[in-house]
Amino acid sequence: MSDAMHPAIAGAQPSQRAEKRPEAPLFEGAYQDRFEKILTRYPDKRAALLPVLHLAQEVRGWVSPQTIRRVGELLDLTPAYVRSVASFYTMFNLRPVGKYLIQVCVGIGCDLCRAEEVAEKFLELTRTRIGETSEDGKYTVIEVECLGACAFPTVVQVNDKVYENVKAEEVEGLLKELD
Amino acid sequence: MAYPYEHPRETRVLSKYFGDEDAIGIDGWIERGGYKALAKALGMAQDAVTEVVKDSGLRGRGGAGFPAGLKWSFMPKDGKLPNYLACNADESEPGTFKDRELMRWTPHQVIEGIIIASYAIRAQHAYIYIRGEFVDIVRVLNGAVVEAYERGYLGENILGSGYGLDLTVHAGAGAYIAGEETGLLNSLEGRRAEPRVKPPFPAQRGAFGMPTTVNNVETLASVPGIVENGADWYRQWGTEKSPGTKLFSCCGHLQRPGNYEVPLDFNLKELVYDLCGGPPEGRELLGVIPGGSSVPILTADEIDCDVSYEGIEAAGSFLGSGGLIAMDDSTCMVRAVRRMVEFYDHESCGQCTPCREGTSWLAKILRRIERGEGREEDIPLLLDIGANMAGKTICPLSDSAAVPVVSSIQKFEDEYMGHIRDGGCTAKR
Ligand SMILES: Cc1cc2nc3c(=O)[nH]c(=O)nc-3n(C[C@H](O)[C@H](O)[C@H](O)COP(=O)(O)O)c2cc1C
Ligand code: SF4
Ligand code: FES
């Protein structure tokens, strides 16, 4: 991440990596710089809430109760308000997730092309159930709705990376490739 | 080069450079004639730009088909309040994936459209509300926005015209309902993406309580071509009521799924069979949803119509967002409908009782039928719930959720009865 990030895009870095630094301060260094830039792009502080939650999740890996309180302090919002907004949106992890957040599309386009077999394979090989994190903390598999690439079923997103045309028999190789 | 497939019968206006890596960056884009339309627009009066778009007949590509120029003309001109433009890049209607490709291959086409539209409506700040899940596309778009600032197409005094515009990329965070324009505005303001009661319309009270125009990515991407070449050029394609070309995202059971751009008087059946290659070998087409999961399904013999707004409506469905979902005879219709309804159940924002309750009841009953535990009374029950969900809510999501259920019962009742009477599925797997 460059210090000179343009303010126009400072808030638009949605992150789904679990960096696992749950105690990291909000915000310092380059992150403080981005936080300040975000605030310059909206007429009030409330509007910065989604970008700032994305930023906090990028730093800490998930949106913990402490994060909610801190973000509220920074934006003059109550923790209850921040929580009610954060919980509306599926991308904010209100619980810690595994190192690899595996999102399998089960939208209609992928479902028609047997997405359920792909989802089942991921669950089987990671020995998890939907939304649960594997014991070694590595994998969380979730089913998501249309990822906007329906011509390439099944669409799978692992953290920030999109995989298209994934077949059930390719899941094993894909998992190996992650490490 | 095309992406992923190209067909000689397409008319590639918006998608001309799909698949061309060199068109993504600003230098490549300028070499291909980019930002000429902007220079032209900035030399025109604001209202003259709106007038050209009005004359072109361009209709909103986000789903509702509202004329773009007319929408712009509702914006106040007195400059008393700041005006805003919001580009709706939330694309999440299942089966729709055209805005993603427009942003991925031709981000500058979208940005140029945004700048021209902002100029026409006298906005000084525009936001691109992009779906948060589009992590890879956000990166492309961000790069393009920074390039546009560096070259002076954004910021103060654009191309020496005295006009200035800031553009901010704002990522959503996973909520389909943020694609509804007033849900989008709430989300942009840092609230839950709950749709607002209209009126007031966004042009009166939009983002931050200020006059706002919300336009879809494809709508805005169509603007530079129109401004550069004129309304008549645009009207060489399509019909009187539906001018121009449009991208169709085609998915499901097709030999060549992908985005195809055709004039709006193109034949739907030819789009499915000729361009997309029809269903896979040895399969027969069962039905087609022509405009994203919110529009009624057409049977295979109802698709001999043109793809204009009025053409598809006459055939019994809607053009919607242009997300075409094809289903062949391996499809279990009950399952497919159940999947679509579960989507709406998950995405209902919960403000209106008919929507919140109706979507979950529909899903529950469909799951029961799919398992072979349905009863004959379930059919009238589904229709009754569907009827009570339509036209009674703050936004049309409730209506949309009932659409696949009601239309599939009308057209594929046998499939439902197969599950109910014989406890099994008629699909040829
Ligand atoms: C439930 C719902 C979801 C919608 N999702 C989108 C979307 O993802 N993208 C979009 O452009 N329009 C979407 N719309 C349509 C918008 O409300 C709005 O009509 C559109 O952005 C206006 O732009 P246009 O006139 O250029 O089409 C949605 C509407 C509803 C009711
Ligand atoms: S119809 Fe559904 S999604 Fe729309 S406002 Fe009402 S509850 Fe929310
Ligand atoms: S349905 Fe899977 S990407 Fe659209």
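Every chain is numbered from 1, with letters handed out A, B, ... down the list of sequences.
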Side-chain heavy-atom pair A/Gln157, B/Val135 within 4.5 angstrom cut-off: yes

Members of residues 165-179 of chain A whose heavy atoms come closer than 4.5 Å to chain B: none

Ignoring hydrogens and angles, write down the donor-acceptor pairs under 3.5 Å from the side chains of residues 142-154 of chain A, residues two or more places apart or on other chains.
| unit_1 | atom_1 | unit_2 | atom_2 | d |
| --- | --- | --- | --- | --- |
| A/Glu145 | OE1 | B/Arg339 | NH1 | 3.4 |
| A/Glu145 | OE2 | B/Arg339 | NH1 | 3.4 |
| A/Glu145 | OE2 | B/Arg339 | NH2 | 3.0 |

Heavy-atom contact with chain A under 4.5 Å, split by part of B/Ile177: side chain

Neighbour count >12 (heavy atoms, 6.0 Å) for atom CZ, B/Arg205: no

A/Val106 portion near chain B, given a 4.5 angstrom heavy-atom threshold: both

Pair listing, ring-ring contact (aromatic ring centres under 6.0 Å, His included) test, anchored in residues 56-88 of chain A, at least two apart: none

Partner of A/Ile9 by side-chain contact (heavy atoms from CB on, under 4.5 Å), out of B/Val138, B/Leu167, B/Val146: B/Val146

For A/Tyr89 against B/Ala173, the heavy-atom pair lying closest together: CB-O, 3.2 Å

Closest approach of A/Arg41 to B/Tyr149 (non-hydrogen atoms, all atoms of both residues): NH2-OH, 2.9 Å

Which portion of B/Ala193 sits near chain A, non-hydrogen atoms under 4.5 angstrom: both

Heavy-atom pair count under 4.5 Å with chain B, highest-scoring of A/Leu49, A/Ile108, A/Leu53: A/Ile108

Spacing of B/Thr168 atom OG1 and A/Ile38 atom CD1 [to the nearest 0.5 Å]: 10.5 Å

Option that, when pairs with chain B are counted at under 4.5 Å, heavy atom only, ranks first among A/Asp111, A/Leu50, A/Val85: A/Asp111

Toward chain A, the part of B/Tyr176 with a non-hydrogen atom under 4.5 Å: neither

B/Glu150 portion near chain A, given a 4.5 angstrom heavy-atom threshold: neither

Approximate separation, where rounding is to 0.5 Å, of B/His253 NE2 and A/Leu112 CG: 4.5 Å

Among A/Gly11, A/Gly107, A/Pro51, A/Ser84, residue most engaged with chain B (heavy-atom pairs, under 4.5 Å): A/Ser84

By side chain to side chain donor-acceptor pair (under 3.5 Å) - contacts of A/Thr128 (at least two apart): A/Thr126

Which portion of B/Arg256 sits near chain A, non-hydrogen atoms under 4.5 angstrom: neither

Gap between atom CD of B/Glu189 and atom CZ of A/Arg46 - 0.5 Å precision: 8.0 Å

